[in-house]
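One-based numbering, in listed order, for ligands and for the atoms of each.
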Amino acid sequence: MTGRLEGRSAVVTGVGSGLGREIARELAGEGARVLGCDVNDQGGAETMRGIGEYRHADVSREPDVEALIADAVQRFGGLDVMVNNAAIQIEEELAETTEEQLDRILGVNLKGVFFGCKHAVRVMRPAGGGSIVNIASILALVADGILAAYCAAKGGVLGITRATAVRYGPDGIRCNAVCPGDIDTPLVAAYFETAEDPAALRAEVEREYPLRRIAQPREIARAVVFLASEDSSFMSGQPLVLDGGLLANCY
Ligand SMILES: NC(=O)c1ccc[n+]([C@@H]2O[C@H](COP(=O)([O-])OP(=O)(O)OC[C@H]3O[C@@H](n4cnc5c(N)ncnc54)[C@H](O)[C@@H]3O)[C@@H](O)[C@H]2O)c1
């Protein structure tokens with residue numbers, strides 16, 4: 001059986017850990033040629049060993065993102081799938097957030113996605129199309145009071161997603177976002193570690209979910225495969241919520 005992405009080329013940002021690592025594996029497993037980037041070169045290279053190519057790129061720097069996409073085009077002859085996954089998190093409520101913290105979060109989580117979309121459409125357009133998948137969060141739709149800058153950035157990711165879909169749909173480019181709830185990755189583990197009793201905080205968070213657990217990275221990566229592939233051929237400009245039922249619950 002051939003993969004859903006056989007013969008396609010893909011770029012994934014933030015492959016050094018967590019969800020990005022799993023997305024790179026799933027895309028490659030579906031037959032795509034994958035170029036991954038990260039600022040954590042050790043983790044990034046480890047992920048891509050045997051499944052694709054790795055290149056250092058800081059997504060908050062536009063020249064890095066432009067060079068990343070040019071590299072993919074040179075290696076693979078084009079770009080069919082762009083996954084803007086890299087992000088950071090800083091726990092701070094709005095009133096205490098410094099300008100420096102805000103700039104850091106917006107630089108990676110918002111500008112990084114903007115640059116990824118911008119340079120992907122520049123190469124996808126003349127080639128006749130492609131699929132862009134932006135990793136947002138349920139925090140693009142609802143809030144966590146101690147993640148003010150993160151919420152601002154993720155809300156913006158949906159704005160970029162819609163603007164890209166609307167403007168470049170006529171060029172055959174689809175752009176969608178995934179909005180996951182908590183995923184079992186180092187980013188969330190670091191959040192649990194901020195508590196005096198990390199295991200108790202984890203259990204408390206899991207109890208909030210109707211499915212009584214948080215997501216495994218593969219469960220989100222499979223949705224990215226769906227959005228990257230022709231299986232979602234008439235879907236564009238939309239957030240796909242993967243939250244174990246969390247937002248459906250009014251209590
Ligand atoms: N883990 C969750 O619960 C959760 C929930 C919703 C959404 N998300 C989103 O999923 C995505 C992946 O998160 P994760 O949980 O795997 O986090 P993670 O911290 O495990 O991995 C993020 C990766 O991005 C890389 N990165 C950070 N800054 C970068 C930069 N400037 N340039 C390139 N790479 C950079 C990191 O080095 C790391 O390898 C993020 O967009 C995050 O906001 C995560």
D41 side chain to Y54 side chain, donor-acceptor N/O pair below 3.5 angstrom: yes
Residue pair [X] / [Y], side-chain heavy-atom distance below 4.5 Å:
| X | Y | answer |
| --- | --- | --- |
| I132 | V121 | yes |
| L201 | Y191 | yes |
| M82 | V133 | no |

Any side-chain to backbone donor/acceptor pair from Y209 onto D182? Under 3.5 Å, distance only. yes
As a test of reading the model: which residues have a non-hydrogen atom less than 4.0 Å away from ligand 1? G14, G16, S17, G18, L19, D38, V39, N40, A57, D58, V59, N85, A86, A87, I88, V108, I135, A136, S137, Y150, K154, P180, G181, D182, I183, T185, P186, L187, V188
Contacts under 3.5 angstrom, residues 10-24 side chains, donor-acceptor by atom type, not counting sequence neighbours:
from: T13; atom 1: OG1; to: N85; atom 2: N; distance (Å): 2.8
from: T13; atom 1: OG1; to: A86; atom 2: N; distance (Å): 2.9
from: R21; atom 1: NE; to: T47; atom 2: OG1; distance (Å): 2.6
from: R21; atom 1: NH2; to: G16; atom 2: O; distance (Å): 3.3
from: R21; atom 1: NH2; to: G43; atom 2: O; distance (Å): 3.1
from: R21; atom 1: NH2; to: T47; atom 2: OG1; distance (Å): 3.2

